[in-house]
Amino acid sequence: MLLTGDTARAAGTLAAELGITDVRAGLLPGDKVAAVRELQAQGHRVLVVGDGVNDAPALAAAEVGVAMGGIGSDLAVASADVVVVRDDLGTLPALVALSRRARRLVVQNLVVAGLVVVALATWDLVGHLPLPLGVAGHEGSTILVALNGLRLLRRGTWRP
């Protein structure tokens, strides 16, 4: 959906170029917020991309607000959850994919760390866990969790 304060003609040209079918043009900031709230009331999770002062309320109202940082106003940047420094809309799919991978990695890391702690605590309660082995097991799991998180820094992860 394209929500814009621009004219219907300009919005229609951009929408046709991007393949967007739902276009709402000539909107005031309050109208954009109302559209976001309408989508949220329908059960949608809303991501709003904006760059101007007029986009700031909608950026703040959405679940995720993305400001285009290079050309964005200070208010839009301050209202957003994410700032894309390069003013390239083509980076958005890569950004969403990266955030999903990061969430999966966080869950993986919590499971690994939790299992190691439970295993070490159970071993100590049932039998006798030597202190050096307990420290090595705990610190080893910490290193494993850190290395797993570093996978997000691979070059292929950042390709749009």
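Hydrogens, waters and symmetry mates are skipped; everything else that's a heavy atom, side chains included, is used.
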Exercise for review: May I have all residue pairs that pass salt bridge (Lys or Arg N to Asp or Glu O under 4.0 Å) and include part of residues 106-118, sequence neighbours excluded?
Suggested key: none

Review point. Apart from Val53 itself, what residues make up its hydrophobic cluster, given side-chain heavy atom links below 4.5 Å?
Key: Leu75

**Study point:** Atom of Pro29, atom of Pro57 and distance for their closest heavy-atom approach
**Key:** CB-CG, 4.0 Å

Exercise for review: Kindly give the heavy-atom pair with the smallest separation between Gly134 and Leu129, and that separation in Å.
Suggested key: CA-CD2, 3.8 Å

Point to revise | For Val48, the rest of its hydrophobic cluster, which grows through side-chain links under 4.5 angstrom | key: Met1, Leu3, Leu27, Val36, Leu39, Val46, Leu59

Point to revise | With Arg104 via side-chain contact (heavy atoms from CB on, under 4.5 Å) - residues at least two apart | key: Arg100, Arg101

Review point. Under the 3.5 angstrom rule, does the side chain of Asp51 hit a backbone N or O of Met68 as a donor-acceptor pair?
Key: no

Report, one line per pair, each donor and acceptor closer than 3.5 Å where one atom sits in a side chain of residues 7-20; sequence neighbours left out.
{"from": "Thr7", "atom 1": "OG1", "to": "Ala10", "atom 2": "N", "distance (Å)": "3.2"}
{"from": "Thr13", "atom 1": "OG1", "to": "Arg9", "atom 2": "O", "distance (Å)": "3.0"}

Check your understanding: Mind checking what makes side-chain hydrogen bond (donor to acceptor under 3.5 Å, both in side chains) contact with Thr4, not counting sequence neighbours?
Key -> Asp6

**Study point:** Test item: Asp81 and Val66 side chains (from C-beta on) under 4.5 Å apart, heavy atoms
**Key:** no

Point to revise | side-chain hydrogen bond (donor to acceptor under 3.5 Å, both in side chains) partners of Glu63, counting only residues at least two apart | key: Gln40

Check your understanding: Mind checking whether Leu150 and Leu147 have side chains closer than 4.5 Å, heavy atoms only?
Key -> yes

Point to revise | Non-neighbouring partners of Arg24 that pass salt bridge (Lys or Arg N to Asp or Glu O under 4.0 Å), sequence neighbours left out | key: Asp22, Glu38

For residues 106-126, which side-chain donor-acceptor pairs fall under 3.5 Å, sequence neighbours excluded?
{"from": "Gln108", "atom 1": "OE1", "to": "Asn148", "atom 2": "ND2", "distance (Å)": "3.2"}
{"from": "Asn109", "atom 1": "OD1", "to": "Asn148", "atom 2": "ND2", "distance (Å)": "2.8"}
{"from": "Asn109", "atom 1": "ND2", "to": "Leu105", "atom 2": "O", "distance (Å)": "3.4"}
{"from": "Asn109", "atom 1": "ND2", "to": "Val145", "atom 2": "O", "distance (Å)": "3.4"}
{"from": "Thr122", "atom 1": "OG1", "to": "Val118", "atom 2": "O", "distance (Å)": "2.7"}

Exercise for review: Return the set of residues passing side-chain hydrogen bond (donor to acceptor under 3.5 Å, both in side chains) with Asn54 (not counting sequence neighbours), or none when no residue passes.
Suggested key: none

Point to revise | Shortest non-hydrogen contact between Ala61 and Arg37, atoms and distance | key: O-NH1, 3.6 Å

Review point. Who are the side-chain contact (heavy atoms from CB on, under 4.5 Å) partners of Pro132, not counting sequence neighbours?
Key: Pro130

Exercise for review: Using the rule that two of Ile, Leu, Val, Met, Phe, Trp, Tyr join whenever any of their side-chain heavy atoms come within less than 4.5 Å, decide whether Val84 and Val96 are in one cluster.
Suggested key: yes

Show every donor-acceptor pair shorter than 3.5 Å between a side-chain atom in residues 135-144 and any protein atom, with sequence neighbours excluded, or say none if there are none.
{"from": "Ser141", "atom 1": "OG", "to": "His138", "atom 2": "O", "distance (Å)": "2.7"}
{"from": "Thr142", "atom 1": "OG1", "to": "His138", "atom 2": "O", "distance (Å)": "3.1"}

